[in-house]
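Below is one structure, written out as structure tokens, with a few remarks after it.
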Amino acid sequence: MNLIRAEVERLTARRFVQLMVVLLMAAFVVTAATTLAGSHQPTPAELAQAQRAAASDLRSMELEHARCLARDRGERFPGDDHLYLPRDCSELDPALRDRLPVAADYLTGVFTFTRQAEPLLYFLVAYLVLFGFLVGASYIGADLNSGGVVNLLLWRPRRLTVLGTKLGTLLGAVLTVSALASLAYLVTFWVIAQVAGYPGPTNAAFWSGLGAVWGRGLILVLLATATGFAIATMGRHTSAALGAVAAYLVVWELGGRIVLQILDVARPEQLMLGSYIGAWLAGEVSFWDSTACRTVTQGYCDGSYTLTWQPALAVLVLLTAGLSATAFAIFRRRDLI
Amino acid sequence: MTSPVIEIEGLRKTFHSLRRGRRVAVDGFDLLVEAGQVHGFLGPNGSGKTTTLRALLGLVRADSGSMRVLGATTPERLPEVAGRVGAIVESPQFYGNFTGYRTLRLLALAGGVPVTRVDEVLAQVGLADRGDERVKGYSLGMKQRLAVASALLKRPELLILDEPANGLDPAGIREMRDLVRSLAANGVTVLVSSHILAEIQLICDHVTIISRGRRVTAGPVTEVLAGFDDHEHLVRVDDLGRAEELLRAAGITVTGHDDHLVVSGVPDPVAVSRTLGEQGLWVRELTPLRPDLESVFLELTGGSAHPHIPWQVGSAPPDQPTTDQQIDLGMRGVDA
């Protein structure tokens, strides 16, 4: 317990951590301030007009679907001759759409919470992922580089306990900061929507969807933190983690992608970590495989495929666990000179 | 009979590097430090001192050999005795942005030591007034004091100090000397590695010298020095030439210099004064020339193959792996 207290104090006292928290708050304030400055509460007239526009849009969609169904039944609708209708009418079914037009879609200059909460949360998660990775890497990297770990091991000569405590403390601290920051962030924008914007129609599905993104975002932050910590432990330096990520992005996500395209490898996105991060965060991500329909000469071919969050989570957890286990194994046997 | 506090037998450590290849840092090294000793650990740069201390403290994995600290086999049982061992290894680094007080407080927290102890050790090393300053503003000597303070936090029974005088000014060195002496007087066993040989000679009662990863001598400082005593004396007389002839005629080994003679192999200087006095030459100065630790150190580490080096039981010359030439330090003089 004392070791945990000491590590928490050491972590919070570090300049780099303090700087990252200040940057987080600065980004928070700037985003909130610009949102507040660029938004106004819609007047009843604006709202009514937007609701009418949304209703009109919805009616058009229903009409189009009805025309399609009528065509299938062999009936005729006036003006059908010049209208394109897909073979499968379910493509036009409003009930099967991801989302239907809502009044918020037609409000200009108005911050609408239900429309913008998710992208705002993605932005925050991206920052927190960077925060976790850098703090995780620098926390152990600076300690290894400065001899802090050696000092600690002279007091507690149990390497795995010391490293495990450091990682546990780090993850706990990053989770606390991330959870508090994201809650404060969402609450702030909710208040902005209430006083200077439009909250939008919220229901259980909206909140559960937002909660899922939030939860998945926090897990991603923890995985990034552990990864930064593990790579810096293996490389004995903060820059090892930064270098490894930069090298991965340039060599594989960029260079490798080009090579895979040249080689016509099927579904190259499946080999990219970025795809799994996206799939985990969004719940699922669809890709188009250009090689899938190459041999199909007749009929319809759907070359799309989807990565869902389950395999994405498995890939990310396995990668992080593998890196962490390797880091602990190396640290256990390493000569600290 | 005193009990061993540190026992190292046959310690061997090899480092492997892609750039520099294989390097044997410690090669069958032995060390014995008994309770209550202030034990000097000497060796040239790169001789294996720090590697030995790191291995002893579980920071470096030994290839072979056995080590015990306060009776506990290390590194396996080191955690059992770590609370009784204070150590600094080489130049310790601290976070520059932390104050001296916070640095020690974090260590005290991690080690389960009452935080009230921090003020005590800061005062003990002379940093009481500077504890609330950031470490990056400390001089090298102050950082060294802080390191010693961190080692003292635990009220150790065994204190291992690697180059504690690094960066200290003469006053700081004297304070460090006094500190070590007072700790020793309070029953703390101290192992101190240093290249400031005069300092070691002043504060240590025992010494072990390492060269190229092997022990070249060990024992009480007085015995180590006695082993190198050639019974030399400086002689000044008015007629150096005649005095040299007379002394040689008396069977005494003499080396002539510009303004004095050096006689050797003369345990009793009366033989010199009597030989010269009987011939009417009056001795103006007759000074014994005693070896100091520096000359012994240089002889042992500068030319390891020197025939005069008295190998102690349990050690062997660096280039000879057998123990055939092991000769007890106390039984052999340098003229053998």
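All chains are named by letter (A, B, ...) in the order of the sequence lines, taking the proteins before the strands, and each is independently numbered beginning at 1.
Using a 4.5 Å heavy-atom threshold, the side chains of B:R102 and A:E9 count as touching. Between A:S146 and B:Y95, some side-chain heavy-atom pair lies under the 4.5 Å cut-off.
When the candidates B:V113, B:V60, B:L78 are compared by the number of heavy-atom contacts under 4.5 Å with chain A, B:V60 comes out ahead. Each of B:A82, B:P79, B:A108 has some count of heavy-atom pairs under 4.5 Å with chain A, and the biggest count is that of B:P79. No other option in B:T74, B:L107, B:T103 has as many heavy-atom pairs under 4.5 Å with chain A as B:L107.
Although no hydrogens or angles enter the test, the distance criterion places a donor-acceptor pair under 3.5 Å between the side chain of A:R159 and the main chain of B:L59. In this structure, B:R54 contributes its side chain and A:L336 its backbone to a donor-acceptor pair below 3.5 Å. With A:R156 contributing its side chain and B:A110 its backbone, the two residues share a donor-acceptor pair below 3.5 Å.
With a 4.5 angstrom heavy-atom cutoff, A:R14 touches chain B via backbone and side-chain atoms both. In this structure, the portions of B:R61 lying under 4.5 Å from any heavy atom of chain A include both its backbone and its side chain. For a residue to count as touching a neighbouring chain, one of its non-hydrogen atoms must lie under 4.5 Å from one of that chain's; by this rule B:K154 touches chain A with backbone and side chain alike. For A:D143, the parts lying under 4.5 angstrom from a heavy atom of chain B are both the backbone and the side chain.
Residue-environment remark: CZ (B:R68) exceeds the threshold of 12 foreign heavy atoms within 6.0 Å.
Rounding to the nearest 0.5 Å gives a distance of 10.0 Å between CH2 of A:W155 and CG of B:L109. Here CG of B:L106 is found 5.0 Å from CZ of A:R10. Values are rounded to the nearest 0.5 Å.
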